[in-house]
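For ligands, and for the atoms within them, numbers begin at 1 and follow the listed sequence.
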Amino acid sequence: MSFKSEINRRRTFGIISHPDAGKTTLTEKLLLFGGAIQEAGAVKSNKIKKGATSDFMEIERQRGISVATSVLAFEYNGIKINILDTPGHKDFAEDTFRTLTAVDSVIVVIDVAKGVEEQTEKLVEVCRMRNIPMIVFINKMDREGKDAFDLLDEVEQKLGLKVVPLSFPIGMGYDFKGIYNIWEKNVNLFSGDSRKDIEETIEISDLASPELDKIVGEKAANTLREEIELVDGIYPQFNKEEYLQGQVQPVFFGSALNNFGVRELLDCFVDIAPKPRAKQSEERLVQPDEDKFSGFVFKIHANMDPNHRNRLAFVKIVSGEFKRNAPYLHVRSNKKVKFSSPNAFFAEKKEIVDISYPGDIVGLQDTGSFKIGDTLTEGEVIHYKGVPSFSPEHFRYINNADPLKSKQLNKGIDQLMDEGVAQLFTLELNGRKVIGTVGALQYEVIQYRLEHEYGAKCTYENLNVFKACWVEPKDKKSDEFKEFLRVKQRFLAKDKRNQLVFLADSQFSLQMTEQKYPNIKFHLTSEFD
Ligand code: G4P
């Protein structure tokens with residue numbers, strides 16, 4: 001197969017949802033269709049079970065699973081599909097944000113009864129900002145839930161999307177009869193039997209046909225006719241280009257658990273979802289079909305076993321072919337590196353591969369030289385954009401609890417930050433280190449890992465910070481900026497890339513500072529140009 005056909009047949013995407021909406025179940029059903037797994041229950045959820053927040057064995061076990069499920073690849077109708085796993089637990093949201101830099105599209109799963117939930121809102125916002133094409137799957141139609149139109153309204157309002165239903169439910173919960181597939185113009189009848197997939201698919205080219213009354217009953221048929229008329233009146237026609245540009249989002253209804261509506265979703269997905277897309281670097285736009293290889297690290301996974309302190313760096317291939325043992329430039333260190341055993345990922349296993357293509361993810365053994373966001377190339381100096389840090393939600397000083405182990409502590413902190421476990425800020429005033437995290441759970445993970453992997457002990461001390469804001473002055477030499485640096489010195493820090501950060505202690509103080517220094521911008525993400 002030619003290089004171009006290899007690119008064209010790849011679809012790399014992520015599934016995002018609020019925990020419990022059905023992401024794991026849907027992933028599993030997709031893998032079943034691809035023949036990548038043989039039975040349900042094979043994909044282990046990487047979510048941290050409720051109430052297990054302090055149980056480190058559990059975290060460790062989950063980390064093992066999460067390597068196995070980081071990338072789940074399978075083939076369907078000649079298309080190579082790579083699903084990038086995104087942790088559901090909100091304390092690991094930063095991991096998910098980073099993974100979203102490596103997907104070409106996403107599927108958003110929403111629970112029909114719960115509607116749009118908090119975590120979904122945050123994740124969709126990130127996708128929207130980047131114009132990532134999204135398909136919405138409304139799950140659990142076998143249960144009582146919200147009215148379909150109300151839910152579509154909620155999706156538009158809360159998520160800021162412009163939806164186009166490509167299927168529509170016939171009844172719901174106890175009365176759920178199936179779905180009308182607007183995309184293919186047929187009715188799929190629901191049997192409630194997960195082994196049977198769909199009971200029957202009946203072509204209905206004209207909804208006025210009495211055939212419809214026969215199969216779903218007169219009442220349900222009439223309701224469906226009215227609803228589809230409404231759908232036609234309210235929502236625009238589906239336009240693939242608009243979807244690819246992130247302007248409209250097709251919606252499907254189904255029940256992942258019952259394997260219902262999943263095949264329709266998958267068939268439409270392989271039809272419309274984008275193949276690997278061009279990616280912007282600081283220097284230029286890089287096309288996937290360029291001859292020369294380039295890629296970037298979006299995730300680093302460390303082994304928690306102190307005897308095997310190797311890490312696996314996940315690299316998304318942007319352009320060219322990645323070849324085993326070929327010399328590549330690690331742009332940040334300006335060093336040539338070679339990889340003798342790059343891993344490719346399949347449903348539940350990884351294997352050494354000789355060659356990988358744009359859209360694919362390779363796992364590279366790393367002894368500590370990679371950082372999240374690093375670029376690899378065949379020699380060109382380019383820096384991929386789009387692995388930003390967001391303002392953490394929690395901030396604490398980190399103190400050394402064992403003076404004899406300060407070297408180990410610093411090394412441990414450095415490496416954990418490179419992995420993206422949390423963010424480190426060093427105060428300008430006194431050089432004290434502040435750890436910022438998305439969730440409180442990370443502090444325990446860091447403390448545990450520093451002790452078990454690096455032999456270092458730490459304690460924390462609370463610090464009152466509302467948000468970390470990356471500072472961008474219009475003019476670095478202006479008196480206004482100089483005054484800001486002087487007056488706010490106590491609140492200034494450097495992040496790990498040496499960028500200046502203002503640690504605002506309250507919303508009020510952030511607003512006041514913004515007003516007082518109108519020529520300085522305060523960003524809640526590290527990437528703002
Ligand atoms: P997540 O990865 O998004 O967190 O969700 P997951 O797939 O683990 O699903 C969460 C719960 O919802 C699971 O039940 C799962 O069986 C159920 N579920 C998923 N899809 C459907 C559906 O279409 N209909 C119904 N009725 N339920 C669905 P659980 O009891 O929490 O876990 P389990 O013991 O069944 O694994």
Side-chain angles (χ1 to χ4, degrees), residues 13-33 37 39-53 58 61-62 65-66 68-72 83-93 95-96 99-100 106-124 134-146 148 151 167 169-179 188-199 251-266 347-348 439 441:
F13 78 107
I15 304 180
I16 56 176
S17 70
H18 193 86
D20 278 345
K23 182 168 72 73
T24 312
T25 314
L26 179 64
T27 307
E28 186 170 280
K29 302 299 163 166
L30 292 173
L31 292 175
L32 278 169
F33 277 120
I37 53 170
E39 56 184 302
V43 177
K44 302 191 185 49
S45 167
N46 75 356
K47 66 184 164 189
I48 293 177
K49 294 269 183 268
K50 294 176 198 88
T53 44
E58 178 69 5
R61 192 182 67 79
Q62 297 292 355
I65 292 173
S66 101
T69 60
S70 283
V71 185
L72 295 160
I83 307 181
L84 305 196
D85 192 31
T86 53
H89 196 290
K90 73 171 178 16
D91 286 9
F92 294 92
D95 268 2
T96 302
T99 299
L100 290 178
V106 302
I107 292 180
V108 184
V109 181
I110 291 172
D111 181 326
V112 67
K114 296 201 178 128
V116 172
E117 294 172 271
E118 184 199 344
Q119 195 67 2
T120 320
E121 273 183 69
K122 282 196 191 144
L123 296 171
V124 166
M134 288 181 253
I135 299 180
V136 177
F137 182 72
I138 304 210
N139 190 28
K140 308 198 185 178
M141 290 308 296
D142 58 316
R143 282 201 189 155
E144 289 306 321
K146 300 190 179 188
L151 199 51
S167 80
I170 309 172
M172 146 190 322
Y174 184 71
D175 278 333
F176 183 52
K177 299 207 161 52
I179 51 169
N188 294 324
L189 291 181
F190 178 62
S191 69
D193 179 350
S194 63
R195 286 159 307 170
K196 256 178 103 179
D197 180 7
I198 282 159
E199 187 174 288
V251 179
F252 284 86
F253 292 83
S255 165
L257 187 65
N258 292 290
N259 209 358
F260 186 80
V262 179
R263 187 190 290 276
E264 291 64 37
L265 173 73
L266 181 58
E348 287 267 75
L441 181 57

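- Under a 4.0 Å criterion applied to the non-hydrogen atoms of S255, ligand 1 contributes the atoms 22 (C), 23 (O), 24 (N).
- Listed by number with element, the atoms of ligand 1 under 4.0 Å from a non-hydrogen atom of S17 are 3 (O).
- By the 4.5 Å heavy-atom criterion applied to side chains, F252 and I179 are not counted as neighbours.
- The atoms of ligand 1 that sit less than 4.0 Å from any heavy atom of K23 are 1 (P), 2 (O), 3 (O), 5 (O), 7 (O).
- For a threshold of 3.5 Å applied to N or O pairs, the pair formed by M141 and ligand 1 contains no separation below that value.
- Taking any N or O of A256, backbone or side chain, at least one lies under 3.5 Å from an N or O belonging to ligand 1.
- Here the options are T25, N139, L32, L30, the test is side chain to side chain contact (heavy atoms under 4.5 Å, CB included), and the partner is V262; only L30 passes.
- At a 3.5 angstrom cut-off on N or O pairs, R143 counts as close to ligand 1.
- Considering both main-chain and side-chain atoms, G22 comes within under 3.5 Å of ligand 1 through a nitrogen or oxygen pair.
- Of all atoms in ligand 1, listed by their number and element, those nearer than 4.0 Å to a heavy atom of D20 are 1 (P), 3 (O), 4 (O), 5 (O), 10 (C), 12 (O).
- Less than 4.0 angstrom separates some heavy atom of P19 from each of these atoms of ligand 1: 4 (O).
- Using a 30° and 60° split on the angle between ring planes, F190 and F176 fall in the tilted class, from 30° to 60°.
- Put simply, the side chain of D111 does not reach to within 4.5 Å of the side chain of D20, judged on heavy atoms.
- Once rounded to the nearest 0.5 Å, the distance linking CG of L123 with OG of S17 reads 8.5 Å.
- Put simply, CD on Q119 and OG1 on T96 are 7.0 Å apart, with the number rounded to the nearest 0.5 Å.
- For atom 26 (N) of ligand 1, the nearest non-hydrogen atom from the set N259, L257, D142 comes from D142.
- The nearest non-hydrogen atom to atom 18 (N) of ligand 1, considering only H18, K140, E28, comes from K140.
- Annotation: side chain of D85 is in contact with side chain of K23 (closest heavy-atom distance under 4.5 Å).
- Nearest heavy-atom pair across M141 and P169 is CE-CB, 3.4 Å.
- Neither the backbone nor the side chain of L26 comes within contact range of ligand 1; no heavy atom lies under 4.0 Å.
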